[in-house]
Student: 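Take this structure first; my questions come after.
Residue numbers start from 1 in every chain, and the chains themselves are labelled A, B, ... in the order their sequence lines are given, proteins ahead of strands. Values in this document were obtained by computation on a predicted structure and should not be read as measured data.
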Amino acid sequence: MDFYERVKIILAEIPEGRVATYGQIALLCGRPKNSRQVGYALNRGLAGKGAPAHRVVNSRGILSGAASFDTPDMQKQLLESEGVEVFWEKDGWRVDLKKFGWKHTMEDAVRFHAMLKK
DNA sequence: TCCTTGACCTACT
DNA sequence: AAGTAGGCCAAGG
């Protein structure tokens, strides 16, 4: 199964009101070292149309600076509409991963692995 | 092929 | 706490 298809599947599993990191997505896709490709996928829209790309941030909780969204603050808007606090820190908009980071269980990981057949 | 480019990550100063 | 360095790897030229 294609890596980008896997990304699409995992993205659909991120709960509303929570955010996941690129590395986390890559890990759950069974490709721990492909965090950059996750970004590539979202940037190029390879993860499908309705993909919740706004729920993905980097390891420090910083929102993507690359404006692949219609408007610069769209990602922030979408997150806030889901109840996620977004605040400005030095160089960019950020969320507290301690509070809003998606903490998937081991069971989740196993379940996802089963979905990623082949 | 080789080289450059990234919505990245970790470890180390 | 903040900045650097090296590592990663698929795409595209």
Side-chain angles (χ1 to χ4, degrees):
Chain A
M1 167 179 276
D2 183 71
F3 176 70
Y4 299 120
E5 279 185 62
R6 295 185 169 203
V7 172
K8 192 188 312 183
I9 292 175
I10 300 300
L11 283 179
E13 297 296 328
I14 304 175
E16 186 177 314
R18 314 244 66 174
V19 297
T21 68
Y22 297 90
Q24 183 174 22
I25 304 289
L27 179 66
L28 291 173
C29 283
R31 299 272 189 314
K33 305 178 227 172
N34 286 38
S35 53
R36 303 191 79 144
Q37 278 59 237
V38 174
Y40 180 84
L42 297 178
N43 185 34
R44 294 305 188 90
L46 300 178
K49 194 162 186 289
H54 60 285
R55 303 203 187 109
V56 186
V57 300
N58 70 18
S59 64
R60 287 167 19 213
I62 307 283
L63 275 58
S64 153
S68 285
F69 292 96
D70 294 349
T71 63
D73 64 340
M74 180 157 132
Q75 180 170 22
K76 173 174 175 289
Q77 301 292 327
L78 290 170
L79 287 174
E80 291 182 329
S81 73
E82 295 183 351
V84 176
E85 294 170 23
V86 181
F87 56 96
W88 182 264
E89 184 181 277
K90 313 262 190 201
D91 41 327
W93 291 104
R94 155 151 191 258
V95 306
D96 186 347
L97 290 176
K98 290 284 197 191
K99 294 182 189 160
F100 302 101
W102 177 30
K103 295 172 270 296
H104 68 269
T105 66
M106 229 259 282
E107 288 73 19
D108 287 329
V110 173
R111 184 159 51 83
F112 300 154
H113 186 70
M115 292 182 210
L116 308 177
K117 39 190 171 282
K118 285 193 278 256

Student: Would you mind reading off the distance between A/Arg31 atom CZ and B/dC9 atom P, rounded to a whole angstrom?
Tutor: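 Roughly 18 Å, once rounded to whole Å.
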Student: Is there a side-chain contact between A/Lys33 and the phosphate of B/dC8, meaning an N or O under 4.0 Å from OP1 or OP2?
Tutor: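 No.
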Student: Separation of A/Asn43 atom CG from C/dA11 atom P, in whole Å?
Tutor: 13 Å
Student: Keeping A/Arg18 on the side-chain end and A/Lys99 on the backbone end, is there a donor-acceptor pair under 3.5 Å?
Tutor: yes
Student: Can you tell me if A/Ser59 touches the phosphate of B/dC8, counting only side-chain N or O atoms and a distance under 4.0 Å to OP1 or OP2?
Tutor: no
Student: Please tell me which of A/Glu89 and A/Gln37 maps to the more 5' nucleotide of DNA chain C, matching each residue to the nucleotide holding its nearest heavy atom.
Tutor: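 Looking at the nearest nucleotide for each, A/Glu89 comes out on the 5' side.
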Student: At under 4.0 Å, does any side-chain N or O of A/Arg60 touch on OP1 or OP2 of C/dA1?
Tutor: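 Looking at the OP1 and OP2 atoms of C/dA1, neither is under 4.0 Å from any side-chain N or O of A/Arg60.
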Student: Applying a 4.0 Å non-hydrogen cut-off, can you work out what A/Tyr22 is touching in the nucleic acid: base, sugar-phosphate, or nothing?
Tutor: base
Student: Donor-acceptor pair, distance only, cut-off 3.5 Å: does the side chain of A/Gln37 make one with the backbone of A/Tyr4?
Tutor: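 The answer is no, because no donor-acceptor pair under 3.5 Å joins these two groups.
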Student: Can a side-chain donor-acceptor contact be found between A/His104 and A/Glu13 if the only test is distance below 3.5 angstrom?
Tutor: no
Student: How many whole angstroms separate atom CD1 of A/Ile25 from atom P of C/dC8?
Tutor: 22 Å
Student: For A/Lys33, I'd like to know if atom NZ has over 12 heavy atoms of other residues, nucleotides or ligands within 6.0 Å.
Tutor: no
Student: What is the distance, rounded to the nearest whole Å, between atom CG of A/Leu42 and atom P of B/dG6?
Tutor: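 Distance check: A/Leu42 CG to B/dG6 P gives 16 Å.
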Student: Figure out the CZ/C1' separation between A/Arg55 and B/dA7, and round it to whole Å.
Tutor: 17 Å
Student: Scan A/Asp73, A/Val56, A/Val57, A/Asn58 and name whichever one has a side-chain contact (heavy atoms from CB on, under 4.5 Å) with A/Leu63.
Tutor: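 Only match with A/Leu63 under side-chain contact (heavy atoms from CB on, under 4.5 Å): A/Val57.
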Student: Please list, pair by pair, any protein nitrogen or oxygen found under 3.5 Å from a nitrogen or oxygen in nucleotides 4-7 of chain C.
Tutor:
none

Student: Between A/Asp2 (CG) and C/dA10 (C1'), how many Å, whole number?
Tutor: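 In whole Å, C/dA10 C1' lies 11 Å from A/Asp2 CG.
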Student: Does A/Tyr40 make a side-chain N or O approach to OP1 or OP2 of B/dC8 shorter than 4.0 Å?
Tutor: no
Student: Roughly, in whole Å, what's the span from NZ in A/Lys8 to P in B/dA7?
Tutor: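 So the NZ-P distance, A/Lys8 to B/dA7, works out to 21 Å.
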Student: Quick one: list whatever passes side-chain contact (heavy atoms from CB on, under 4.5 Å) with A/Glu107, sequence neighbours left out.
Tutor: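 Applying side-chain contact (heavy atoms from CB on, under 4.5 Å) to A/Glu107 gives A/Thr105.
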Student: Does CZ belonging to A/Arg60 count more than 12 external heavy atoms closer than 6.0 Å?
Tutor: no
Student: CG of A/Asn34 versus C1' of B/dA7: gap in Å, rounded?
Tutor: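 After rounding, the reported distance stands at 15 Å.
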